[in-house]
Number of protein chains: 2
Amino acid sequence: MEYEQLKLNNQLCFRLYTAARLTVGAYHPYLDPLGITYPQYLVLLVLWEQDKQPVCDIAKWLMLDTNTVTPLLQRMEKSGLLQRTKGKTDTRQRIVSLTEKGSALREQAKHIPECLSASKD
Amino acid sequence: MEYEQLKLNNQLCFRLYTAARLTVGAYHPYLDPLGITYPQYLVLLVLWEQDKQPVCDIAKWLMLDTNTVTPLLQRMEKSGLLQRTKGKTDTRQRIVSLTEKGSALREQAKHIPECLSASKD
DNA sequence: TATTTTTGCATCGTGAACGATATAAACCAG
DNA sequence: CTGGTTTATATCGTTCACGATGCAAAAATA
């Protein structure tokens, strides 16, 4: 009884942590064919809504730090989804813009949300 | 309107993913002094409830696979929190048991849940 | 203008997650 | 008992998440 609050399933955080992992996992069947990971999908969501943003803005949307986002963008650049160009007004910034390939994925991704909300079990 | 469902904040999964990250992050001030990470804390929760379990049982509790749990346990063994001994009835199994150090942490961790539920902002 | 501070991005190291694969022990069907 | 299958664990490679640190450009302040 003294340690009741230390039981695993009494912990909201564990449930949250597990739910998030499993939910992200549920995207796999839809993201694998597109050749992207879930965090990469999130970056695309941001850029599809508004293209040509500096790294810090993308990080703000995703609530991540640049030390997570920078390597993520580098991998996406390597796989041809986006480009990172030096900012003109502020040369410290790197402006991230979608390539043709990155833009085109939007059409294929369009139905993913409803697929997931429809998936039972 | 056509792509409304692709907006970041319309996506439950993103909110879940972010909430989980931030919530895990909220444990840092309490786990850092104990020298453990959040997943390691989860392993301890399991072992504090029931000591001496095979790897697969711990994995089941945490809803993780052994390829995640094994390295986690190896790191915890290296830092002296637990031991992994060969199973006697089934020699494939590795029975995980707490060390003195691992058991002792329970007392220090006892107040973490209420600390977190009390933390504002 | 010169100096300090802040900001934007990058790099490094560590610890997770997880798919794929490997290996040995246990189990099971013939 | 034998051969095929399942089970328990481990290893490897890749991608994240994130603390710490570095650096150069911009902004603020003296």
Side-chain angles (χ1 to χ4, degrees), chain A residues 13-14 17-29 31-43 53-79 81-82 84-96, chain B residues 13-14 17-29 31-43 53-79 81-82 84-96:
Chain A
C13 183
F14 170 65
Y17 154 86
T18 301
R21 275 195 314 105
L22 298 182
T23 308
V24 168
Y27 278 79
H28 258 109
L31 298 181
D32 283 354
L34 307 190
I36 57 176
T37 66
Y38 183 74
Q40 292 176 5
Y41 172 64
L42 293 183
V43 170
Q53 295 192 56
V55 175
C56 61
D57 285 11
I58 296 176
K60 254 172 233 153
W61 276 107
L62 302 181
M63 300 182 77
L64 290 166
D65 280 328
T66 62
N67 58 356
T68 297
V69 172
T70 292
L72 184 52
L73 295 173
Q74 287 170 340
R75 284 186 289 268
M76 294 177 75
E77 184 171 40
K78 199 185 289 183
S79 61
L81 296 168
L82 49 82
R84 301 179 308 135
T85 58
K86 267 209 163 25
K88 282 165 189 163
T89 56
D90 186 338
T91 66
R92 290 172 305 178
Q93 291 186 334
R94 301 277 275 184
I95 306 298
V96 180
Chain B
C13 184
F14 170 64
Y17 155 84
T18 301
R21 277 194 312 106
L22 299 181
T23 308
V24 167
Y27 278 78
H28 258 109
L31 298 181
D32 283 353
L34 308 189
I36 57 176
T37 65
Y38 183 74
Q40 293 177 4
Y41 172 65
L42 294 182
V43 170
Q53 294 192 57
V55 175
C56 60
D57 285 11
I58 296 175
K60 253 172 234 153
W61 277 108
L62 303 181
M63 301 182 76
L64 290 165
D65 280 329
T66 62
N67 57 356
T68 298
V69 173
T70 293
L72 184 51
L73 294 174
Q74 287 170 339
R75 283 186 290 269
M76 293 177 75
E77 184 172 39
K78 199 186 289 185
S79 61
L81 295 168
L82 49 81
R84 300 179 310 137
T85 58
K86 267 210 164 25
K88 281 164 191 166
T89 57
D90 186 337
T91 66
R92 291 172 304 178
Q93 291 186 334
R94 302 275 276 183
I95 306 298
V96 181

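Proteins get letters first, then strands, A, B, ... in listed order; numbering begins at 1 in each.
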Return the value, rounded to whole Å, for the distance between atom NZ of B/Lys78 and atom P of C/dA16.
12 Å
Take atom CG of A/Asp32 and atom P of D/dT14, then tell me their distance rounded to the nearest Å.
16 Å
Pair of N/O donor and acceptor under 3.5 Å linking C/dG19 base with B/Asp65 side chain:
no
Check whether any side-chain N or O of B/Arg94 sits under 4.0 Å from OP1 or OP2 of D/dA8, and answer yes or no.
no
Is A/Asp90 side chain donor-acceptor paired with the C/dG8 base, going by distance under 3.5 Å alone?
no
Measuring from atom CG of A/Leu31 to atom CD1 of A/Ile36, what distance do you get when rounded to the nearest 0.5 angstrom?
5.0 Å
From C/dC18, C/dA10, C/dA16, pick the nucleotide closest to the side chain of B/Asn67?
C/dC18
Ranking D/dC16, C/dC18, D/dA17 by distance to the side chain of A/Thr37, first place goes to D/dC16
Given atom CG of A/Leu62 and atom P of D/dC18, what is their separation to the nearest angstrom?
12 Å
Please tell me which of A/Gly25 and A/Leu73 maps to the more 5' nucleotide of DNA chain C, matching each residue to the nucleotide holding its nearest heavy atom.
A/Leu73
Between A/Tyr27 (side chain only) and A/Thr37 (backbone N and O only), is there a donor and an acceptor less than 3.5 Å apart?
no
With a non-hydrogen cut-off below 4.0 angstrom, is A/Thr66 in contact with a base, only sugar-phosphate, or nothing?
base
Mapping A/Gln40 and A/Thr91 to their closest nucleotides on DNA chain D, which lands nearer the 5' end?
A/Gln40
So, is A/Tyr17 close to the C/dA17 phosphate, meaning a side-chain N or O under 4.0 Å from OP1 or OP2?
yes
For B/Gln74 and C/dG15, is the shortest distance between a side-chain N/O and OP1 or OP2 below 4.0 Å?
no
Does C/dA10 have OP1 or OP2 sitting under 4.0 Å from an N or O in the side chain of A/Arg84?
yes
Between B/Asp90 and B/Arg92 (side chain of the first, backbone of the second, donor and acceptor by atom type, cut-off under 3.5 Å), is there such a pair?
yes
Does a nitrogen or oxygen in the side chain of B/Thr70 sit under 4.0 Å from OP1 or OP2 of D/dT11?
no
Taking 4.0 Å as the cut-off, does a side-chain nitrogen or oxygen of A/Gln93 come that near to OP1 or OP2 on C/dT7?
no
In this structure, CG of A/Leu62 is separated from CG of A/Leu72 (nearest 0.5 Å) by 8.0 Å
From the set D/dC16, D/dA8, D/dG19, return the single nucleotide nearest to any side-chain atom of B/Cys56.
D/dA8
Residue whose closest nucleotide on DNA chain C lies nearer the 5' end, A/Asp57 versus A/Leu22:
A/Asp57
Establish, with yes or no, whether the OP1 or OP2 oxygen of C/dA16 is under 4.0 angstrom from a side-chain nitrogen or oxygen of A/Arg21.
no
Looking at D/dT15, C/dG19, C/dA16, which one has an atom nearest to any side-chain atom of A/His28?
C/dG19
Does B/Arg92 make a side-chain donor-acceptor contact with the base of D/dT9, cut-off 3.5 Å?
no
Respond yes when some side-chain nitrogen or oxygen of B/Arg75 is under 4.0 Å from OP1 or OP2 of C/dA16, and no when none is.
yes
Separation of atom CG in A/Leu64 from atom P in D/dG19, rounded to whole Å
11 Å
For the pair made of CD in B/Glu77 and P in D/dT9, what is the distance, rounded to whole Å?
14 Å
Nearest-Å distance for atom pair CG/C1', residues A/Leu72 and D/dC18:
13 Å
For B/Thr68, which contact category applies under a 4.0 Å heavy-atom criterion: base, sugar-phosphate, or nothing?
base
What distance do A/Arg94 atom CZ and A/Ile58 atom CD1 have between them, rounded to the nearest 0.5 Å?
12.0 Å
Nearest-angstrom distance from the residue atom CD1 of B/Ile95 to C1' of D/dA8
11 Å
Would you indicate whether the side-chain heavy atoms of B/Arg21 and A/Leu64 approach each other to under 4.5 Å?
yes
Residue mapping more 5' on DNA chain D - nearest nucleotide basis, A/Tyr38 or A/Thr89:
A/Tyr38
Nearest listed nucleotide, side chain of B/Val55, among D/dT9, C/dC9, C/dG15:
D/dT9
Distance, nearest 0.5 Å, that separates OG1 of B/Thr70 from CZ of B/Arg84
7.0 Å
Between atom NZ in A/Lys88 and atom C1' in D/dA25, what is the gap in whole Å?
18 Å
